[in-house]
Amino acid sequence: MINIEITQTQRDDWQLSIDTLARIASCGAGLWRVNQVDTLELVVGCQLSKQTRDCLSSKRKVFKNANWQVGINNQSIAAICWPGGALYGYLYLCSPELTLDNQRLLTAFKKSFERDLADSYRVFRLKQSETRKLDAVEAPVSLQQFIDCIKEHVWMKDASGRYVLVNHSVELAWSRSREHILNRTDHELFEPRLANHFVTTDEEAIIKGIEISAGQCEGLDIGNVESWLETTKLPIFEANGELAGVIGVSRNISSHKAAQDQLELASRVFENAVEGVIITDIEGTIINAHGAFQEITGYSKDELLGQNPRLLNSGRHSKAFFSKMWSDLLTEGKWHGEIWNRRKNGAIFPQILNISSVYDDDKKIRFFVAVFNDISVQKQNEAELEEVAFHDPLTKLPNRMGLSTRLAQELKQARQTHTRLGLVYIDVDLFKQINESYGYPVGDKVLLELSQRFLRELDNSATIARLGSDEFAVTLSNINNSDMMLLSVNKLRQVFDKPFTLGEHGQARLTASMGVAICPDDGQTPSSLMVNAEIAMHRAKHDGRNNYAFYTESLTQESAAKLKLQSALHDALSINAFHLVYQPKISFKTGKPVAFEALLRWNDPVLGSISPAVFIPLAEKIGLIQDIGNWVLKTACKQAQSWREQGVHFGRVAVNVASQQLQRRSFVAEVADILEQTGLPANCLELEVTESGMMSDQLLVSQYLAKLGHMGIELSIDDFGTGYSSLSYLKKLPIHKLKIDQSFVAGLPLDTHNTAIAKAIIAMGHALNLRVVAEGVETQAQVDFLKGCGCDEVQGYFYSRPQLPENLSEFLLQH
């Protein structure tokens, strides 16, 4: 039994050999048929084995020169070719015994096929020439002129692979003249690897007999420009079907390649995006989907294609919502926002959605691209962050931000209902002592108990908030009159009537200072109402704590004035707004000055002259006293050294030292450094320290004063008698002088209390071997009294007002 099968490679031309197939079929008891795909089969007996079929389909071997290739199971394969060498198909032989007669028979079949193919091709070309009358047409330009006008690289090789035609673009791209290209092969022009590639692709085009793409590669185009080139090759045949050569066209596809790369990149971005991407046509039908759409919606791509996005509708949005969406898409070309959709499993979820319209060249919408992301986790995080941002973590009450939000809502409601709303700002008095004495955990328990008491005492219409460590606020709605406000404030004060438990430390009683502001009288915004209530609270605290105060306009004016003063004080040093004046200290014994006290003055360009009694306590409060004190000390020492160089006898220059300066570890070193910088001897300097300043840290201050005394600096206690110093400790301090405060000098000698105090201070000072100075002396009677009591030195307007250094010349000459 002989089995024969012919498999065609060119489906368009299989009909050329129908007659040959018919003749073959008549030679045996078989039949032939045409496969419905692209295979022409001649069957005699059984079919070609699956092994041979798989081998051919996987390797696609090409057999030349009619040589038989013997496969497995006595199956032989031969190629049927066109006259020019292009492959037409395969002839298979399957026989129990591969005899020489069988091979001769099939070789005859092969030659018969190829003769018919050659005849058919000649007839086809003859008819084509007659139809198109190619020989009668005379071209207006030569072939060379024609191809030179083409910017692509055009060339032709003959059957032996030698170049017979090239255009000007080839010359420019290959940097060779036409004379150096024509009649040469690829191996004569290019390096071996590239030449082998060119020859191989030529053979592929010849064997297939059709136009092929020889691939894309990076290369040099005209001007040695790096480009992407794509080459197309086509075999050319003579009229008799023999191979005439190969035509090649190479074109620069850099822009196409770049666009293709961009498309591939965009496709990869879409496919790997964490967002879901759905594309619909103008009617809203889903035509494609990319990215994480399945993870987000639960629908596969096949389930979405052909559907409308309404498939995901959650039902939570009105028709007006979608009408606005489509209106924006059609007019503006985009829509962005949050939307609730439904997953395949029915769960509703929030997503952020961006829809963009895609237009064609005529500016008409062709597609809609929707990019969306599941924001369920983000919404949950926002809720958790909102809880943290608007609530106190300890008491779970609203914090300052939360109160501001709620207060805005309550104020809006109060305006709509024309009612009054009160805000009470509460500060727990001296709560810091609980934390410092028993620790923060105990303090936290007290705060929790306090917040629970507030919640029990107040009704649901009130809002209680914790603003800080020991600060709370309460909003009270529907306050029709002041009596209602007072009643509410008294209820809040009753919260503190019972003692608070301190665990193993027993109990403690607390009080609070409260400030009250009422809308609309004291403010109509959350910020103004909170600020004014806090101002009122500070007034209550200033009046003695465990009290309450209502806000008034004067409180705001006072607070604003303090703020202006504080701001100006920060700039005073930098703009040289400070200056020093000097007041002499006179010895009762000699009548001559023994020292000059440096006194600080501030003249602000906007606020004018400000009293030291106002700005010095403020400087201590806001932490500027260190810098100001150093400036005073350095300026006074410079002035004293200047007097020394002028030969002026001034004794000592006295400088006041604030308690905060004295407590600094670097203070002694700073004084020594200033003396060194100015050149002033230490025995020309006197430091005046307040009584309360020395008592803050007695051991440390005592050490500092001892070091200063050893340097030769004279030390005085200023404003003696106004503090609560220990006389037993006072005798241990390295002090040289006591200054009687001017409040005890005033009224001398008629005020019996002041006369008794002045005499006692003078006697005590002398008993401790200290000199005594009286300040604020303004009358002769005061001078006579103090001199009679044995006071050592005197200072005051009676002798000289504090003056600038240049105004003291006359005084110094007189004394």
Side-chain angles (χ1 to χ4, degrees), residues 384-407 410 422-477 485-517 526 529-551 621 696:
E384 294 174 355
L385 288 174
E386 183 177 355
E387 179 68 21
V388 173
F390 290 92
H391 289 82
D392 171 51
L394 175 65
T395 63
K396 307 306 179 185
L397 297 174
N399 57 15
R400 187 179 294 270
M401 189 178 296
L403 174 66
S404 180
T405 301
R406 296 194 183 189
L407 193 55
E410 295 183 20
L423 178 66
V424 184
Y425 201 108
I426 304 169
D427 181 88
V428 182
D429 296 330
L430 304 176
F431 183 78
K432 181 181 179 182
Q433 295 179 356
I434 293 180
N435 286 332
E436 292 178 347
S437 301
Y438 307 113
Y440 286 96
V442 174
D444 289 347
K445 289 181 180 179
V446 173
L447 292 173
L448 281 171
E449 183 179 349
L450 179 59
S451 63
Q452 292 300 318
R453 290 187 187 185
F454 279 132
L455 291 173
R456 287 195 297 268
E457 194 67 33
L458 299 170
D459 57 32
N460 294 332
S461 62
T463 297
I464 172 71
R466 184 189 178 199
L467 306 181
S469 174
D470 56 359
E471 295 179 338
F472 294 81
V474 177
T475 62
L476 302 170
S477 57
M485 191 73 235
L486 285 174
L487 180 62
S488 299
V489 171
N490 286 327
K491 289 178 66 176
L492 292 173
R493 299 185 68 192
Q494 291 172 7
V495 168
F496 295 89
D497 288 346
K498 294 181 181 180
F500 290 84
T501 302
L502 301 179
E504 61 182 13
H505 304 290
Q507 295 180 331
R509 288 189 175 273
L510 298 176
T511 60
S513 300
M514 302 183 185
V516 183
L529 208 59
M530 290 173 68
V531 168
N532 293 339
E534 185 176 6
I535 291 173
M537 181 273 293
H538 285 296
R539 173 51 60 91
K541 188 180 286 292
H542 182 269
D543 291 342
R545 297 187 174 89
N546 192 23
N547 199 359
Y548 65 88
F550 283 81
Y551 169 80
K621 183 178 180 181
S696 57

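Start at 1 with the first residue, then count along the sequence. What you see is a predicted model; the values in this text were computed from it and never measured.
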Interatomic spacing from [atom1] in [X] to [atom2] in [Y] - rounded to 0.5 Å:
X	Y	atom1	atom2	value
Ser513	Glu471	OG	CD	10.5 Å
Thr405	Phe390	OG1	CZ	4.5 Å
Ile426	Leu467	CD1	CG	9.0 Å
Leu492	Ile464	CG	CD1	7.5 Å
Gln433	Leu510	CD	CG	10.0 Å
Thr395	Asp392	OG1	CG	3.5 Å

Angle between ring planes, Phe472 versus Phe454, binned at 30° and 60°: parallel, tilted or perpendicular?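 Correct class here is tilted.
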
Just do the side-chain contact (heavy atoms from CB on, under 4.5 Å) check on Leu529 and Val531 with the steps written out, would you? CA-CA 6 Å; Leu529 208 59; Val531 168; over 6 Å; no

Report yes if the side chains of [X] and [Y] come closer than 4.5 Å at any heavy-atom pair, otherwise no.
X	Y	result
Thr463	Arg406	yes
Met514	Met537	no
Phe431	Val446	yes
Tyr425	Val516	no
Asp427	Glu534	no
Arg466	Arg400	no
Met530	Leu423	yes
Lys491	Glu457	yes

Using the side chain to side chain donor-acceptor pair (under 3.5 Å) rule, take Ser477 and Glu410 through it: C-alpha gap first, then chi angles, then the decisive distance, then the call. CA-CA 8 Å; Ser477 57; Glu410 295 183 20; 5.7 Å; no

Using side-chain hydrogen bond (donor to acceptor under 3.5 Å, both in side chains) as the criterion, list what pairs up with Glu449, not counting sequence neighbours.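 Glu449 satisfies side-chain hydrogen bond (donor to acceptor under 3.5 Å, both in side chains) with Arg453 only.
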
Closest approach of [X] and [Y], non-hydrogen atoms and distance?
X	Y	answer
Ala533	Ala517	N-CB, 3.7 Å
Ser469	Asn435	OG-ND2, 4.5 Å
Leu397	Ser451	CD1-CB, 3.6 Å

Taking NZ in Lys541 as the centre, count heavy atoms belonging to other residues, nucleotides or ligands within less than 6.0 Å. Is the count above 12?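 Buried by this count: over 12 neighbours within 6.0 Å.
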
Do any pairs count as a side-chain hydrogen bond (donor to acceptor under 3.5 Å, both in side chains) and have a residue in residues 495-511, sequence neighbours left out, and if so which ones?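 The answer is Asp429-Thr511.
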
